Amino acid sequence: MENKWTKRMGLISAFVIFFGVLNMIALLLRTESAIGIWGIWETASASWDGEHHALKIVILSAYALAGLALNVLAMMFMLRSVKLMKSGLFFSKANVVVLRWSVLAYFVYDLCADNYNILYGMRRFVVQSDTIFLTCILLGFAMIYNAGLRLSEENKLTI
């Protein structure tokens, strides 16, 4: 039974890694498109001649860094989970830390994605309810995972 679950987790991890790499490439291309460093894209780059330069730089860099971090953290979580399942475990303190950082990275990424149009001249900063709601859901998942870790450690001590 464990071998069956380990193979499934390995397959899911392969999908997460594959789509994570594709997402990171798309994220970097979108960031390059906004900056217009190489001039590859014929689309309009961000409007850097207006006001709010600091806000635009913060949104662009936070969007790129948080997006990359979120993908890397997802890959780390899945690879560690497969490694743990092979050893007969599922919960680890390292994965709790990864989940907590993922919550922060998701919040920053989604907040910047919601306000990405500021780079192109939009003048209002928005905080959407789905950003807060999904961040709370992810935080709840991290707390449940942490509780599972504590129960797992407690069960080891009682046996």
Side-chain angles (χ1 to χ4, degrees), residues 8-84 90-152:
R8 285 183 184 172
M9 282 294 286
L11 185 62
I12 292 170
S13 296
F15 281 122
V16 168
I17 291 170
F18 176 72
F19 288 112
V21 169
L22 287 179
N23 192 27
M24 286 192 290
I25 291 169
L27 182 72
L28 291 173
L29 289 175
R30 184 174 183 198
T31 303
E32 193 284 326
S33 172
I35 297 172
I37 295 174
W38 297 308
I40 297 173
W41 310 104
E42 295 298 323
T43 60
S45 62
S47 171
W48 297 104
D49 56 350
E51 51 192 33
H52 307 296
H53 292 296
L55 179 63
K56 291 177 182 180
I57 291 170
V58 167
I59 287 175
L60 183 63
S61 57
Y63 172 79
L65 293 175
L68 291 173
L70 191 57
N71 285 294
V72 169
L73 289 168
M75 290 180 214
M76 286 174 51
F77 180 81
M78 294 305 294
L79 291 174
R80 286 181 180 171
S81 295
V82 170
K83 187 177 177 182
L84 284 169
F90 186 72
F91 299 103
S92 77
K93 291 180 183 177
N95 272 352
V96 171
V97 173
V98 167
L99 284 174
R100 289 179 180 164
W101 279 106
S102 295
V103 170
L104 177 64
Y106 172 77
F107 178 74
V108 170
Y109 174 76
D110 203 30
L111 186 66
C112 291
D114 289 343
N115 292 291
Y116 202 77
N117 287 331
I118 289 176
L119 298 174
Y120 298 99
M122 189 174 91
R123 298 208 181 249
R124 48 177 209 160
F125 188 84
V126 296
V127 179
Q128 295 186 2
S129 60
D130 66 333
T131 302
I132 296 169
F133 177 71
L134 290 173
T135 301
C136 290
I137 294 290
L138 290 174
L139 186 59
F141 177 71
M143 292 170 69
I144 290 169
Y145 190 90
N146 190 24
L149 172 67
R150 289 184 188 168
L151 287 173
S152 174

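This chain uses plain numbering: 1 for the first residue, then up along the sequence. Everything numeric here is computed off the predicted structure, so don't read it as measured data. What's counted below: heavy atoms across the whole structure, side chains too, no hydrogens, waters or symmetry copies.
Pairing each heavy atom of Gly67 with each of Asn71, the nearest pair is O-ND2, 2.8 Å. For the residue pair Thr131 and Leu111, the shortest heavy atom distance occurs at CG2-N, 4.2 Å. When every heavy atom of Leu73 is checked against every heavy atom of Ser102, the shortest pair comes out as CB-OG, 3.4 Å. When all heavy atoms of Cys112 and Ala62 are compared, the pair lying nearest together is SG-CB, 3.5 Å. For the residue pair Val21 and Met75, the shortest heavy atom distance occurs at N-CE, 3.7 Å. Taking both residues in full, the closest heavy atoms of Lys56 and Ile118 are given as CE-O, 3.4 Å, listed atom of the first, atom of the second, then distance.
Ring-plane geometry between Phe15 and Phe19 is classed as parallel, the angle between the planes falling under 30 degrees on a 0 to 90 degree scale with a further cut at 60.
The closest side-chain heavy-atom distance from Asn115 to Leu55 is not below 4.5 Å. Taking the side chain as every heavy atom from C-beta outward, Ile17 and Leu79 approach each other to under 4.5 Å. Side chains of Gln128 and Asp110 form no contact here, defined as non-hydrogen atoms less than 4.5 Å apart.
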Margin query: Quick one, Ile12 with Val82, criterion side-chain contact (heavy atoms from CB on, under 4.5 Å). Give me CA distance, side-chain angles, the key distance, then yes/no.
Written below: CA-CA 10 Å; Ile12 292 170; Val82 170; over 6 Å; no
Notebook entry, point to check: Would Leu99 and Phe77 count as a side-chain contact (heavy atoms from CB on, under 4.5 Å) if you check the C-alpha gap in whole Å, the side-chain angles of each, and the deciding distance to 0.1 Å?
Noted result: CA-CA 8 Å; Leu99 284 174; Phe77 180 81; 3.8 Å; yes
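We find the CG-CG distance between Asn146 and Leu151 to be 10.0 Å, quoted to the nearest 0.5 Å. The line from OG of Ser81 to OH of Tyr145 is 5.0 Å long, rounded to the nearest 0.5 Å. Between the CG atom in Leu104 and the CG atom in Leu70 there is a gap of 10.5 Å [rounded to 0.5 Å]. Taking CG of Asp114 as the reference point, atom OH of Tyr63 lies at 10.5 Å (rounded to 0.5 Å). With rounding to the nearest 0.5 angstrom, the CZ atom of Phe18 is 12.0 Å from the CG atom of Asn23. Phe107 contributes atom CZ, which lies 12.0 Å from atom CG of Leu138 (distance to the nearest 0.5 angstrom).
Residue Phe125 places its CZ atom among more than 12 non-hydrogen atoms of other residues, nucleotides or ligands, all under 6.0 Å distant.
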